[in-house]
Amino acid sequence: MDFDALRERMVSEQILQRGIEEPKILEAFRAVERHLFVSEQNRKFAYEDYPLPIGENQTISQPYIVALMTQHLEVGESQKVLEVGTGSGYQAAILSYLGASVYSIERVPALAQKAKLLLDSLKCKVEVKAGDSTLGWPQNAPYDRIIVTAASPAVSPCWIEQLKVEGRMVIPLGGPLQQELTVVKKISVSKIDKEVVCACMFVPLLGEYGYK
Ligand code: SAM
């Protein structure tokens with residue numbers, strides 16, 4: 001299959017035509033080979049307009065959602081990003097391409113291990129560990145940005161604590177079946193501000209401050 005052509009079509013029809021025009025973001029989606037992040041049998045669907053299974057009952061998000069979250073994260077060169085839910089590692093690879101240093105946590109050890117091997121082989125600036133990311137990763141805090149890629153009932157107090165003042169977080173907030181993609185800004189040590197972007201659907205965040 002001509003994955004380069006499929007990827008170019010994905011960028012043009014699913015991302016650019018839906019209003020995400022930032023050149024650096026488009027470049028990242030052209031550069032990162034999404035088909036490497038899915039199983040052999042799903043490669044032919046890697047550039048389609050929907051999420052795909054990655055094993056362990058988990059998914060790699062729809063390309064447009066990854067692009068939308070990336071746009072709202074407003075990540076800058078050399079910024080430190082905490083990613084909640086490594087999954088396949090695709091979102092982390094996009095953020096690394098944009099110049100961020102990414103610290104990513106995945107609850108399912110087998111997925112964490114697989115993503116780590118792939119991200120290392122692609123020379124991405126991503127550290128992966130297995131664990132409950134609702135507790136954050138205090139050893140590398142504070143973070144300029146936090147991106148949560150699973151449905152969250154609330155903003156974990158650990159994330160607020162580990163986010164820099166003036167930092168931002170992109171997070172699907174709501175029930176396990178439907179959420180609102182939300183941008184959370186940390187205004188001061190004790191104050192956050194929330195802005196809803198759109199409705200969305202993610203797999204649930206499980207853990208101490210997630211769903212039980
Ligand atoms: N960002 C991923 C990608 O690019 O492929 C997609 C993530 S998938 C939609 C959500 C992931 O969050 C799943 O892999 C799931 O196992 C993980 N997850 C759920 N609860 C978690 C937790 N408390 N800590 C870390 N990962 C968690």
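Here, residue 1 is the first one in the sequence, and each next residue gets the next number. Indexing begins at 1, ligand by ligand and atom by atom, following the structure's order.
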If hydrogens are left out, which of Val148, Thr149, Asn57, Thr86 has an atom nearest to atom 7 (C) of ligand 1, that is, the closest non-hydrogen atom? Thr149
Distance to 0.1 Å, residue and atom name: give those for the protein heavy atom nearest to atom 25 (C) of ligand 1. Ser133 OG, 3.0 Å
With sequence neighbours excluded, tell me which residues meet side chain to side chain donor-acceptor pair (under 3.5 Å) with Glu27. Tyr97
For atom 26 (N) of ligand 1, find the nearest protein heavy atom and state the residue, atom name and distance (0.1 Å precision). Arg107 N, 3.0 Å
Please name all residues satisfying salt bridge (charged side-chain N to carboxylate O under 4.0 Å, His left out) with Arg145, sequence neighbours left out, ordered by chain then number. none
Testing the 3.5 Å rule here: is there a donor-acceptor pair between the side chains of Thr86 and Gln91? no
Closest protein heavy atom to atom 12 (O) of ligand 1, given as residue, atom name and distance to 0.1 Å: Gly85 CA, 3.4 Å
What residue and atom, counting heavy atoms only, is the protein's closest point to atom 19 (C) of ligand 1, and at what distance? Pro204 O, 3.6 Å
Counting from 1 in the order shown, the ligand 1 atoms closer than 4.0 Å to a non-hydrogen atom of Gln91 are 1 (N), 4 (O)
By number and element, which atoms of ligand 1 are closer than 4.0 Å to a non-hydrogen atom of Ile105? 25 (C), 26 (N)
Output the list of atoms in ligand 1 that are nearer than 4.0 Å to some heavy atom of Val108, sorted by atom number. 16 (O)
Give the numbers and elements of all ligand 1 atoms closer than 4.0 Å to a heavy atom of Leu205. 19 (C), 20 (N), 21 (C), 22 (C), 23 (N)
Residues Ser104 and Glu83: side-chain donor-acceptor under 3.5 angstrom: yes
Grab the two heavy atoms, one from Ile171 and one from Ala154, that are nearest each other, plus how far apart they are. CD1-O, 4.3 Å
Cation-pi check, Arg34 to Tyr90: give yes when NZ or CZ is under 6.0 Å from the six-membered ring centre and within 45° of the ring axis, no otherwise. yes
Glu83 contact mode with ligand 1 (heavy-atom cut-off under 4.0 Å): side chain
Near Thr59, which atoms of ligand 1 are under 4.0 Å from a heavy atom of that residue? 6 (C), 7 (C), 8 (S), 9 (C)
Salt bridge Asp144-Lys80, side-chain N to carboxylate O under 4.0 Å: no
Less than 4.0 Å between a side-chain N and a carboxylate O, is that true for Arg18 and Asp49? yes
Between the side chains of Tyr47 and Arg7, does any donor sit under 3.5 Å from an acceptor? yes
Any idea which heavy atoms bring Ser152 and Leu205 closest together, and the distance? OG-CD2, 3.6 Å
Geometry only, no angles: is Asp132 polar-contacting ligand 1 at N/O separations under 3.5 Å? yes
Suppose I only count heavy atoms of Gly131 and a 4.0 Å limit; which atoms of ligand 1 are within that range? 24 (N), 25 (C)
Checking a contact table here: which protein heavy atom is nearest atom 13 (C) of ligand 1, and how many Å away? Gln58 OE1, 3.2 Å
Can you report which non-hydrogen protein atom sits closest to atom 20 (N) of ligand 1, along with the distance? Leu206 N, 3.0 Å
Which atoms of ligand 1 sit under 4.0 Å from any heavy atom of Ser88? 3 (C), 4 (O), 5 (O)
Pro51, portion touching ligand 1 at heavy-atom distance under 4.0 Å: neither
Within a distance under 4.0 Å of any heavy atom of Tyr90, pick out the atoms of ligand 1 and give their elements. 4 (O)
What verdict does the salt bridge (Lys or Arg N to Asp or Glu O under 4.0 Å) test give for Glu166 and Lys186, after you've listed the backbone C-alpha separation in whole Å, the side-chain angles of each residue and the deciding distance to 0.1 Å? CA-CA 5 Å; Glu166 293 185 5; Lys186 184 164 169 179; over 6 Å; no
Mind checking whether Val203 has an N or O less than 3.5 Å away from an N or O of ligand 1? no
Side chain, backbone, both or neither: which part of Glu106 comes within less than 4.0 Å of ligand 1 when only heavy atoms are counted? both
